[in-house]
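I have placed the structure first, in the form of structure tokens, so that the comments after it can refer back to it.
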Amino acid sequence: MYEYKFDEETAGILLTDTEVQISKEPRPIFAEEMNILGFNRRWNYENQNKIPYLWAEAGNYFYRGKKIAVVKGGSLYEKPELEFVEENYLSQAEILRPIDLKKMAEKNFDLMENLRQSTVKRIYNYWRKHKNLDCFHVAFSGGKDSVVLLDLVKHALPKSAFIVVFGDTHMEFPDTYKIIDEVEKNCVAEGIEFHRAASKILPEESWKLFGPPATVLRWCCSVHKSAPQTLKIREILNKADFVGADFVGVRAQESLRRSEYEVENFGKKQRGQYSHNSILEWSSAEIWLYIFMHNLPINDCYKKGNSRAGCLLCPMSGGRANFFRQNSYSIAIEKFISLIRENIVDENIDSYITKGGWLNRRNGRDLKNPVNNYSEKVDGDYLYIKVKHPKKKWQEWLKTLGDDIFPYEIFSVENEVTAKVKNIYNKTPAMKIFKYVFHKAAVCVNCGVCESNCRFGAISFKDGLHIDEKKCVHCLQCHNIDSGCLRFKSCMPLSEGVKKMKKSLNAFADHAPKLEWIKEFFENPNSFMKENSLGSNQRVCFKRFLFDAELVDRESKTSTNFTELIKKIGWKSATAWGLILVNLVHNNLQIRWYIENLPINEGIDRETVEKILQAVKVSKKDSKSIVRAFKRLCEIPLGTELNFGTTTSEDKKLVTLKRTKARVDDGRVILYALYKFAEAAGGWYQFNLSRLMNDANSAGASPAKIFGIEREEMQQFLNGLSVNYPEFINATFTHDLEKISLIEEKTSQDVFNLFA
């Protein structure tokens with residue numbers, strides 16, 4: 001991958017001979033996107049979409065080497081805000097000129113030709129190395145990367161040496177189908193086999209059966225893409241146990257996870273199959289240069305503000321991406337929004353959709369049709385697994401386990417089957433697979449994932465489920481799926497193990513903490529609980545504060561390791577109070593109420609705040625105490641150092657309350673808050689930026705809400721943490737994909753230890 005810069009002469013991109021590891025992933029900007037955002041308010045340009053005018057890196061727009069605009073915000077129904085960069089302001093009289101594609105190609109020819117030839121050679125050598133495999137196929141999506149990949153494979157291999165397979169999810173951009181038709185026509189003319197693979201289940205049915213896909217419930221990729229392609233190739237070859245190799249257009253720059261991929265692998269993408277990530281090391285700059293230089297077809301979705309082609313309403317896409325999709329494909333995307341409405345139970349369904357509640361679904365709790373025919377119960381020495389009205393024959397799925405398993409009994413009465421097993425086996429790996437058998441029996445709808453996982457063709461649904469015992473080698477790959485069944489995983493309304501906080505909203509009565517109390521505690525934390533200058537009521541309320549801040553252990557009534565850390569950091573510092581606030585928010589309902597009900601930088605008069613409290617059944621007396629407590633909290637380092645909030649008074653009478661954007665000097669505070677957020681939801685370690693910016697209905701509070709951090713700054717924090725603490729967090733914000741993954745083996749205590 002070569003370093004690039006913007007070229008003023010051509011308005012294009014110019015590669016240098018310096019190789020780099022990181023790219024900002026530029027993309028060309030056409031008139032259609034410029035019109036949508038409002039560039040035509042400032043400048044004149046021909047309204048054509050054959051040649052782009054600008055380049056963008058994330059939300060920054062460049063014209064002939066200068067950044068001229070930035071976009072911020074944006075969501076499904078909210079247009080992003082376009083801000084012009086005044087210091088690089090172009091005269092309104094200036095007519096924007098499109099990129100000189102011919103000149104750009106000439107200036108980049110040598111480096112791009114070197115890249116092309118080396119990649120073609122790599123593809124050819126891989127084919128020669130594995131020439132005896134049953135099949136080679138190009139996984140084609142209709143996006144820019146697969147267009148380039150297909151062209152490279154065409155140059156590298158004989159036309160009869162490979163086939164092309166388009167995995168049609170029936171959820172693609174409408175423009176994607178146009179380019180699929182064009183590429184298919186060209187392939188047929190060149191003598192290249194082109195096939196379309198799709199699930200037997202249409203999205204209208206799958207979203208009902210599985211519930212809407214979500215960031216941690218991405219059943220859609222397996223059901224609608226991976227499994228259908230594998231089954232299609234089996235059909236083409238008429239060979240269930242085929243071993244093939246696919247050429248895949250993934251690139252390392254697309255996500256942190258993909259940056260860890262290898263060019264060649266076996267069994268990583270599809271079990272028992274080879275994969276070649278031919279353009280893994282290419283940047284988007286090189287992809288676009290190749291497309292323009294070789295006059296390859298461009299999916300029109302890119303011209304409408306979409307930086308990637310894929311499913312219309314993907315749970316991994318950000319808010320701005322959803323706006324462009326809604327703007328250009330409103331009818332098509334509303335079909336999937338309607339599916340959310342039809343299958344989700346929520347009192348405020350409009351807010352649930354617009355604020356991304358569906359993205360954060362973890363199980364079947366919000367579904368109108370959750371799994372309700374499966375149950376487990378321990379009674380005495382035995383575990384009982386019960387399935388009512390099983391969907392598939394449990395006897396067939398049991399064949400996959402083989403004979404080497406613990407003793408069990410099965411009772412079947414009418415439409416109910418019960419498995420009885422000694423409870424001593426309950427936590428064993430074998431029991432996990434045994435339960436998967438009944439997960440499948442409860443909800444299987446023949447989605448094809450288990451069948452595609454079986455390399456030996458032992459699973460058939462042709463005339464109802466049948467496991468061929470002669471072919472089954474008990475490899476258990478058919479169970480190597482989340483919960484053994486994607487539908488069970490997505491639809492079972494499992495308990496989230498949410499931590500309950502103390503229920504009193506007026507936690508401090510009229511005795512919110514004072515600076516002198518805090519100072520006295522930190523001077524003698526070990527003896528404070530027994531010896532202090534506080535009155536009895538003051539002591540009770542301040543102890544509650546110390547417990548909820550996790551500065552004092554509730555059981556032993558002694559100071560904690562957290563206290564020692566705060567002293568080491570400096571108990572008056574913003575960093576210390578950032579950590580303390582995170583604990584308070586997750587343990588104290590009163591602090592949580594301030595966070596959730598007082599908007600950032602918006603002064604609210606005290607009477608209004610009291611009425612808001614009284615509207616949720618807080619007594620008039622308690623509402624006044626809660627308002628006064630906020631003033632006290634703003635007078636301790638929580639307010640004076642961390643900048644939690646401010647108040648105004650007239651004649652010593654409190655007039656307004658305002659929560660303010662906190663001062664966060666250390667990214668580790670954000671990391672600590674992220675782990676607390678995840679742990680409060682029972683170990684939810686994967687989410688997207690949209691969820692952090694809107695954590696409605698969450699058990700925990702996100703750092704964005706706690707500290708009043710806006711989207712762009714939150715993204716900067718996450719990027720920095722990914723670089724500095726990769727052992728704790730991976731965050732990806734590339735091509736409208738948003739994925740934040742905390743490392744499940746780590747805890748908030750481990751983050752705490754980073755300060756030690």
Side-chain angles (χ1 to χ4, degrees), residues 75 77-78 344-357 360 365-366 496 498-513 537 540-541 544-545 548 581-582 584-635 638-639 644-662 677 680-681 691-709:
S75 61
Y77 297 110
E78 180 185 6
I344 292 292
V345 178
D346 192 276
E347 293 181 358
N348 192 351
I349 189 65
D350 290 332
S351 176
Y352 182 89
I353 292 170
T354 57
K355 293 185 177 181
N360 307 318
R365 188 184 60 181
D366 298 337
E496 296 192 31
V498 173
K499 179 182 178 182
K500 302 294 184 182
M501 67 171 66
K502 196 170 181 65
K503 291 296 182 182
S504 174
L505 187 55
N506 187 15
F508 307 128
D510 288 318
H511 303 289
N537 290 334
V540 170
C541 293
R544 180 174 295 171
F545 172 85
D548 291 344
L581 178 59
V582 171
L584 287 170
V585 166
H586 287 95
N587 295 312
N588 186 287
L589 201 57
Q590 184 169 342
I591 301 294
R592 180 69 170 268
W593 190 90
Y594 297 136
I595 290 289
E596 294 187 340
N597 292 276
L598 300 182
I600 294 293
N601 294 328
E602 183 178 326
I604 305 178
D605 63 88
R606 65 170 295 165
E607 289 83 3
T608 299
V609 178
E610 289 173 4
K611 288 178 182 178
I612 294 172
L613 285 160
Q614 291 165 24
V616 292
K617 309 302 181 184
V618 174
S619 70
K620 186 175 182 179
K621 179 182 177 182
D622 282 352
S623 69
K624 292 182 180 296
S625 292
I626 293 168
V627 167
R628 287 193 295 267
F630 184 82
K631 183 176 186 296
R632 282 244 192 127
L633 292 168
C634 293
E635 293 170 347
L638 180 66
F644 173 72
T646 61
T647 62
T648 62
S649 300
E650 292 181 5
D651 298 326
K652 297 184 179 181
K653 183 178 180 181
L654 181 61
V655 177
T656 62
L657 296 76
K658 181 194 291 186
R659 196 162 73 84
T660 50
K661 180 179 178 296
F677 178 51
R691 171 161 170 71
L692 290 183
M693 303 315 297
N694 173 42
D695 61 5
N697 302 318
S698 296
S702 82
K705 177 177 284 186
I706 293 173
F707 301 114
I709 301 172

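Worth saying up front: this structure is predicted, and the values here are computed from it rather than measured.
- For the pair D366/V345, no side-chain contact is recorded, criterion being any heavy-atom separation below 4.5 Å from C-beta on.
- Pairing each heavy atom of I591 with each of N588, the nearest pair is N-OD1, 3.0 Å.
- Between I626 and Y594 there is a side-chain heavy-atom pair separated by less than 4.5 Å.
- Around the NZ atom of K661, the shell of radius 6.0 Å holds more than 12 heavy atoms that belong to other residues, nucleotides or ligands.
- The shortest distance between side-chain heavy atoms of I349 and I344 falls below 4.5 Å.
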Q: Go through the steps for K611 and E607 under the test salt bridge (charged side-chain N to carboxylate O under 4.0 Å, His left out), then give the verdict.
A: CA-CA 6 Å; K611 288 178 182 178; E607 289 83 3; over 6 Å; no
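- We find the CZ-CD distance between F545 and Q590 to be 11.0 Å, quoted to the nearest 0.5 Å.
- Electrostatic pairing of E610 and K620 does not count as a salt bridge here, judged by no charged N lying under 4.0 Å from a carboxylate O.
- Two residues are said to be in side-chain contact when any heavy atoms from C-beta on lie closer than 4.5 Å; P599 and I604 meet this criterion.
- The CG atom of N601 sits 6.5 Å away from the OG1 atom of T660 when rounded to the nearest 0.5 Å.
- When side chains are defined from C-beta on, D622 does not count as touching L505, because their heavy atoms never get closer than 4.5 Å.
- Note: F644 and F630 meet the aromatic proximity criterion, with ring centroids under 6.0 Å apart.
- Rounded to the nearest 0.5 angstrom, L613 CG and W593 CH2 are separated by 3.5 Å.
- Taking 4.5 Å as the limit, every side-chain heavy atom of N537 sits out of range of all side-chain heavy atoms of D510.
- Contact detail for R659 and I595: the closest heavy-atom pair is NH2-O, 3.1 Å.
- K631 approaches S649 most closely through the heavy-atom pair CE-OG, 3.6 Å.
- Using a 4.5 Å heavy-atom cutoff, the side chains of L581 and I706 are in contact.
- Here the rule is side-chain hydrogen bond (donor to acceptor under 3.5 Å, both in side chains) with S623, and of Q614, R628, R606 only Q614 fits it.
- Residues A507 and C541 approach most closely at O-SG, 4.4 Å, considering heavy atoms.
- Summarising the geometry of L654 relative to L657, their closest heavy-atom pair is CD2-CD1, 4.2 Å, with the distance given to 0.1 Å.
- Side-chain contact check for L598 versus K658: every heavy-atom pair is 4.5 Å or farther apart.
- Pairing each heavy atom of A704 with each of M693, the nearest pair is CB-SD, 3.7 Å.
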